A.B. asks: 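Before anything else, here's the structure in question.
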Amino acid sequence: MVVPRVQAAIAEAFGEEYRDTDPVVRPSQFADLQINAAMALAKKVRLPPRDAAARIVEALELDGMCTAVEISGPGFINLTFDGTWIEELLNTQASQTQGGPETQAQRVAVDYSSPNVAKEMHVGHLRTTVVGDSLVRVLEALGHTVIRQNHIGDWGTPFGMLIEHWLEIGEDSPEAALLVEDPSAFYQAARAKFDGDPDFATRARLRVVSLQSAHEETLQVWQRLVDHSKVYFNAIYAKLGVSLEDDHIAGESSYDAHLAQLCQELEERGLARVSEGALCTFPAGFTGRDGEPLPLIIRKSDGGYGYATTDLATIRYRVQELHADRILYVVGAPQNVHLRMVIETAREAGWLPDTVEATHVQIGNVLGEDGKILKSRSGTPVKLMALLDEAVDRARAVVDSSRPDLSAEERAATARQVGIGAVKYADLSVGHDTEYVFDFDRMLALSGNTGPYVQYAAARIRSIVRKAGESPSALAAGTLTAGGAAGEPTAAATIAVVEPVERALALHLLEYGATLRRVGELLEPHRLCGYLFELAQLFTSFYDQCPVLKADDSVRESRLALCTLVLHRLSEGLDLLGIETPANM
Ligand code: ARG
């Protein structure tokens with residue numbers, strides 16, 4: 001509500017280039033909200049901070065929202081809202097089932113998860129999966145058409161040895177079953193044969209040739225390998241509650257047939273040339289340490305195509321066939337130079353018109369407590385499934401001791417939602433491009449910016465609303481009915497905003513739509529986590545200070561309606577993060 005208006009005012013006062021300044025908007029003891037934007041801007045526009053603040057205020061369109069707008073201290077802008085305006089807007093929102101704002105709908109192709117066949121998914125893949133899945137949910141809620149693209153690694157030279165190994169052990173052997181349960185063990189076994197047995201290695205190399213020339217039997221075995229890996233991926237996706245399905249798979253192999261032509265086109269148009277035997281492009285703006293243009297290899301000296309060529313093909317496909325207006329690559333940060341070079345090459349080739357935005361959503365590493373990439377105690381890569389199971393087990397221990405009144409079934413359900421939710425929230429709540437340390441104790445804590453804290457606030461409101469239904473006031477008997485976005489009760493009563501804590505809570509609720517839009521524009525789910533965390537905190541203060549069930553009839557109904565709206569936003573927001581809201585906690 002307020003943030004976009006302040007940004008528009010900043011753009012008008014100082015120019016469009018300043019629109020994306022983040023105005024820090026906080027509740028304050030002197031006013032409803034305090035905007036802290038002028039001080040940072042003042043330096044850039046060379047004005048005394050209070051003058052910068054005055055320019056913002058002059059341009060600020062508040063159409064009757066505020067009763068007072070004041071500049072205070074070194075350049076804060078204090079806003080005091082009109083109570084009637086708050087109430088009207090809040091009640092309009094309360095009567096709508098969904099809080100999503102309207103935006104100009106786009107077709108967005110989102111490349112995320114993208115694990116590799118016959119390999120273990122690692123915590124890096126976990127994070128691209130979790131962040132990508134939240135972004136697609138947010139973009140869909142904003143009205144965009146999202147096309148999920150799971151670019152699995154299902155092609156290339158390792159498949160020679162993997163296929164040979166598979167043929168040797170036989171499809172029905174327990175070793176073949178490893179592909180589904182412990183893919184890295186399968187991979188290691190194939191690798192060991194390849195390194196230790198020259199005959200095997202020769203057969204594996206021939207097998208690569210036969211795969212590339214689409215030899216029928218080889219392709220069939222390859223397909224079986226891929227299918228087994230899909231079972232493994234899907235087990236992880238199901239455990240995580242991720243929205244990816246088989247139909248979203250568009251793996252490396254699906255682009256293979258186009259690569260030769262793609263290289264030829266680039267070569268003919270003078271965008272690629274042979275350097276040290278390899279065909280390369282030299283996209284503008286990329287130089288090595290020596291100042292020489294940096295090559296992007298699109299055909300190796302042995303004639304093989306690599307990762308870059310396939311990724312060029314993904315852009316062409318997503319623009320020409322999928323008609324995407326926006327393409328997102330939710331991929332590990334270390335691949336940034338690769339992706340930027342691919343994107344620049346595609347621009348130069350005219351495959352990526354200026355009207356289509358292509359963005360690398362960089363995913364930071366997940367570290368162990370030693371500050372290095374997360375490994376298990378024995379030093380091997382951590383098994384993702386075991387990690388998720390441990391999160392659920394730890395949550396179960398907490399629920400078992402805190403809620404012995406629940407049935408074993410209910411406790412199991414809550415533990416699953418809390419354990420998985422905690423892992424996902426930890427991935428989402430820090431900037432997606434920053435590294436963070438994987439720490440069960442911190443992510444499962446019931447205080448701080450954690451999944452369990454936000455889930456707990458929602459579960460608490462559910463229980464309040466349930467209790468209210470059991471003993472409705474004379475006024476409200478029958479108004480709490482099933483319905484709403486997630487089968488939640490809808491509150492029919494009008495919300496009156498009276499107490500200061502109610503006011504702060506109300507104003508924060510009004511920021512929901514603008515927050516979502518911002519998350520979709522900037523592709524930053526951590527902003528949604530921050531919003532929900534603050535909402536949960538504001539709710540807690542409200543509930544500490546304002547009795548709900550014990551209040552008199554009309555106050556009780558108003559506060560229940562406010563609780564219900566908070567619950568809707570919390571569970572809808574969590575859902576957009578891909579996190580469930582427990583019924584009991
Ligand atoms: N399979 C790759 C990996 O595990 C990630 C692929 C990301 N997507 C892409 N279009 N390059 O590192």
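Predicted model only: the values in this text are computed from it and were never measured. Atoms within each ligand, like the ligands themselves, are counted from 1 in listed order.
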A.B. asks: Could you give all pairs that pass the salt bridge (charged side-chain N to carboxylate O under 4.0 Å, His left out) test and reach residues 266-283, with sequence neighbours left out?
C.D. replies: Glu265-Arg269
A.B. asks: With no hydrogens and no angle check, is any side-chain donor or acceptor of Thr145 less than 3.5 Å from a backbone partner on Val108?
C.D. replies: no
A.B. asks: Going by side-chain hydrogen bond (donor to acceptor under 3.5 Å, both in side chains), Ser243 matches just one of His248, Arg148, Arg137. Which one?
C.D. replies: Arg148
A.B. asks: According to salt bridge (charged side-chain N to carboxylate O under 4.0 Å, His left out), does anything in residues 331-343 pair up with another residue at least two apart or in another chain? List the pairs.
C.D. replies: none
A.B. asks: Does any pair with a residue in residues 331-373 pass ring-ring contact (aromatic ring centres under 6.0 Å, His included), and if so which ones, sequence neighbours excluded?
C.D. replies: Tyr307-His338
A.B. asks: Any protein N/O atoms within less than 3.5 Å of an N/O atom in ligand 1? List the atom names and distances, or say none.
C.D. replies:
{"from": "ligand 1", "atom 1": "1 (N)", "to": "Ser114", "atom 2": "O", "distance (Å)": "2.9"}
{"from": "ligand 1", "atom 1": "1 (N)", "to": "Asn116", "atom 2": "OD1", "distance (Å)": "2.8"}
{"from": "ligand 1", "atom 1": "4 (O)", "to": "Asn116", "atom 2": "ND2", "distance (Å)": "3.0"}
{"from": "ligand 1", "atom 1": "4 (O)", "to": "His125", "atom 2": "NE2", "distance (Å)": "2.8"}
{"from": "ligand 1", "atom 1": "8 (N)", "to": "Asp111", "atom 2": "OD1", "distance (Å)": "3.2"}
{"from": "ligand 1", "atom 1": "10 (N)", "to": "Asp111", "atom 2": "OD2", "distance (Å)": "2.8"}
{"from": "ligand 1", "atom 1": "10 (N)", "to": "Asp311", "atom 2": "OD1", "distance (Å)": "2.8"}
{"from": "ligand 1", "atom 1": "11 (N)", "to": "Tyr307", "atom 2": "OH", "distance (Å)": "2.8"}
{"from": "ligand 1", "atom 1": "11 (N)", "to": "Asp311", "atom 2": "OD1", "distance (Å)": "3.4"}
{"from": "ligand 1", "atom 1": "11 (N)", "to": "Asp311", "atom 2": "OD2", "distance (Å)": "2.9"}
{"from": "ligand 1", "atom 1": "12 (O)", "to": "Gln335", "atom 2": "NE2", "distance (Å)": "3.1"}

A.B. asks: Would you check if the distance from the ring center of Phe233 to the ring center of His125 is below 6.0 Å?
C.D. replies: no
